[in-house]
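Contents: one structure, followed by commentary.
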Amino acid sequence: MPALGDVMRKLNPWYHEDEPPAPPPISTAAASVLVVVYALVYFLPFYASPTTRPSPTLSRDAPSVIRARIRSVSISCLLCCAATLAVLTRGADASPADALHLMGLWPPALADTARAVLLTALLFAGPLFAYFVVDVGWREWLRLEPVLALWEDWMTWRNIVAGPVTEEVLFRAASVPLMLVARTPVRQTIFLSPVLFGLAHVHHFYEFRLTQPQVPVAAAVLRSVFQLSFTTLFGAYATFLFVRTGSLPAVCAVHAFCNCMGLPRLWGRVQPQVPDDDPAPLRRRHDEQRPSTSAVWLWTAAYYVLLVAGATAWWKNIWALTESPNALVSDLAFTST
């Protein structure tokens, strides 16, 4: 694997083991503190202005709140990236090219992005079958409805574009390079920074309680714990992809894809879904055209077979499909302590 340049030769012991590495310009503890500060800079401004602060009468899903928050996190991401760039170029003595590489900004690595999305899609083989075949989702794509929704609905834009891009910029491009130049073990980097990524979503508990006070506290806590667990798990996967591919577009695309898909169904029968916002006449038509029991069982069997087969294929191909000349660390780094 080609090195990233002088900065990695000097700081990363996995590249030239015959030469003693220079002391890291930043410690793991200092890098972790910076990542925590980045997370605070990302979401605390939400509560500093009435335009971004939710209330019992103003939801976080209101278009005005979404637009204001996108502006806020965009500024936060620029500031945090500038801070990381300063650490890399001044503290670690990285060249601009090496710094951009460590942050996943260059080269674009579009082929790596496609392979990362393909790998992730294997985990969703069952849900993709349910959407395109059972729910006949291919018709929506023929009409380009999902693409048009990005430009017509602010929630869709936030969930599929703005959210994934800004979160990956902050928690991967701005945060992971700090861990790398601190010479933090890669496995620790993969599982430490995602915890901070998950904690950055805990503020949703406050917003949920604010706008949904009728929901019992225990239910709201369980909801937040589940969200913390899921976002931490995804953060570990995204960090793994990031250090393996050295590509910010790859993790942004995977994040957007996962947001599109949601959590896969793990139990129950698979049958066509009727949108809740369908008019009553359409809902009656769906009821009249309800599929036969045999069709439902066939779809259900196919779904779970594909779900298991896809997960197996994902596991078997996770290293092959993430191999890249742009990787930020060598394969040896994953076995070092």
For the pair R60 and R158, evaluate side-chain contact (heavy atoms from CB on, under 4.5 Å) and give the outcome as yes or no after the intermediate values.
CA-CA 11 Å; R60 65 186 293 268; R158 177 196 63 192; 3.9 Å; yes
Give the C-alpha distance, both sets of side-chain angles, the deciding distance and a yes or no for side chain to side chain donor-acceptor pair (under 3.5 Å) between Y38 and T84.
CA-CA 10 Å; Y38 287 178; T84 295; 2.9 Å; yes
Trace of the side-chain contact (heavy atoms from CB on, under 4.5 Å) decision for L88 with M103
CA-CA 10 Å; L88 296 178; M103 296 176 72; 3.9 Å; yes
Assess whether side chain to side chain donor-acceptor pair (under 3.5 Å) is satisfied between D112 and S247, documenting all intermediate values.
CA-CA 7 Å; D112 293 332; S247 171; 6.0 Å; no
Check the pair F334 / V243 against side-chain contact (heavy atoms from CB on, under 4.5 Å), numbers first and verdict last.
CA-CA 10 Å; F334 288 90; V243 298; 3.8 Å; yes
Stepwise, does the side-chain contact (heavy atoms from CB on, under 4.5 Å) test hold for T51 with S64?
CA-CA 7 Å; T51 60; S64 62; over 6 Å; no
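Across C252 and V165, no two heavy atoms sit closer than the pair SG-CA, 3.9 Å. Nearest heavy atom pair, residue V169 against residue C77, reads CG1-CB, 3.8 Å. Shortest non-hydrogen contact noted between A238 and E168 is CB-OE1, 4.0 Å. Smallest separation of non-hydrogen atoms from H101 and L328: O-CD2, 3.4 Å. Between R172 and T239, the closest heavy-atom pair is NH1-OG1, 3.2 Å. Across all their heavy atoms, L178 and A31 have their closest contact at O-CB, 3.8 Å.
In this structure, L122 is not a member of the same hydrophobic cluster as L266, with clusters built from ILVMFWY side-chain heavy atoms closer than 4.5 Å. Put simply, V33 and F191 are part of two different groups of oily side chains (I, L, V, M, F, W, Y) that touch within less than 4.5 Å, one to the next. Hydrophobic clustering, with ILVMFWY side chains joined whenever heavy atoms are under 4.5 angstrom apart, keeps V35 apart from L78. L298 and V133 are not part of a single hydrophobic cluster, where members link through side-chain heavy atoms under 4.5 Å apart. Under a hydrophobic-cluster definition in which Ile, Leu, Val, Met, Phe, Trp and Tyr are linked whenever side-chain heavy atoms come within less than 4.5 Å, directly or via other members, I160 and W141 are assigned to the same cluster.
Residue I66 holds its CD1 atom at 8.0 Å from OG of S59, rounded to the nearest 0.5 Å. Here M179 contributes atom CE and I190 contributes atom CD1; the two are 12.0 Å apart, rounded to the nearest 0.5 Å. Taking CG of L248 as the reference point, atom CG of L100 lies at 11.5 Å (rounded to 0.5 Å). For the atom pair CZ of R71 and OG of S49, the computed distance is 9.0 Å after rounding to the nearest 0.5 Å. To the nearest 0.5 Å, atom OG of residue S175 and atom CG of residue L170 are 5.0 Å apart. Here the CZ atom belonging to F132 is positioned 13.5 Å from the CZ atom belonging to R139, to the nearest 0.5 angstrom.
Remark: W314 CH2 is packed, more than 12 non-hydrogen atoms of other residues, nucleotides or ligands lying under 6.0 Å away. Within 6.0 Å of atom CD in E323, 12 or fewer heavy atoms from other residues, nucleotides or ligands are found, so the atom counts as exposed in its surroundings. Enclosure of atom CH2 in W297 is not indicated, since only 12 or fewer non-hydrogen atoms of other residues, nucleotides or ligands lie within 6.0 angstrom.
Using a distance-only test at 3.5 Å, with no hydrogens or angles considered, no donor-acceptor pair links the side chain of T300 to the main chain of R269. In terms of modelled atom types and a separation under 3.5 Å, the side chain of N317 and the main chain of A320 share no donor-acceptor contact. Counting only distance, with no hydrogens or angles, the side chain of T156 and the backbone of E152 share no donor-acceptor pair below 3.5 Å. Between the N259 side chain and the N159 main chain, a donor and an acceptor come within less than 3.5 Å of each other. Checked by atom type and distance alone, the side chain of S72 never pairs as donor or acceptor with a backbone atom of A68 at under 3.5 Å.
Under the side chain to side chain contact (heavy atoms under 4.5 Å, CB included) test applied with L241, the options I318, L321, V251 reduce to a single match, V251.
W151 and W157 have tilted rings, their planes meeting at an angle from 30° to 60° on a 0 to 90° scale. Ring-plane geometry between F234 and Y237 is classed as perpendicular, the angle between the planes exceeding 60 degrees on a 0 to 90 degree scale with a lower cut at 30.
Side-chain contact check for V87 versus P25: every heavy-atom pair is 4.5 Å or farther apart. For the pair V41 and C80, the minimum side-chain heavy-atom distance is below 4.5 Å. Two residues are said to be in side-chain contact when any heavy atoms from C-beta on lie closer than 4.5 Å; P264 and L123 fail this criterion. Within the 4.5 Å cutoff, side-chain heavy atoms of E140 are placed close to those of Y131. Using a 4.5 Å cut-off on side-chain heavy atoms (C-beta onward), L34 and I26 make contact. Within the 4.5 Å cutoff, the side chain of F171 has no heavy atoms near those of the F242 side chain. When side chains are defined from C-beta on, I70 counts as touching W154, because their heavy atoms get closer than 4.5 Å. A heavy-atom distance below 4.5 Å is found between the side chains of V254 and C258.
L79 belongs to a hydrophobic cluster whose other members, connected by ILVMFWY side-chain contacts under 4.5 Å either directly or through intermediates, are I75.
Here F124 and F257 bring their ring centres to under 6.0 angstrom of each other.
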Side-chain atoms of residues 302-309: list all donor-acceptor pairs with protein atoms under 3.5 Å, sequence neighbours left out, distances to 0.1 Å.
residue	atom	partner	partner atom	Å
Y303	OH	R265	N	2.9
Y303	OH	R265	O	2.8
Y304	OH	W267	N	3.2
Y304	OH	W267	O	3.0
Y304	OH	G268	N	3.1
Y304	OH	G268	O	2.6

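Side chains of T322 and R115: no donor on one and acceptor on the other come within 3.5 Å. Using modelled atom types and a 3.5 Å distance limit, the side chains of T166 and Y42 yield a donor-acceptor pair.
Cation-pi geometry between R69 and F46 is met: the NZ or CZ atom falls under 6.0 Å from the ring centre, inside 45° of the normal.
In summary, D331 and R244 engage in a salt bridge, as defined by a charged side-chain N under 4.0 Å from a carboxylate O.
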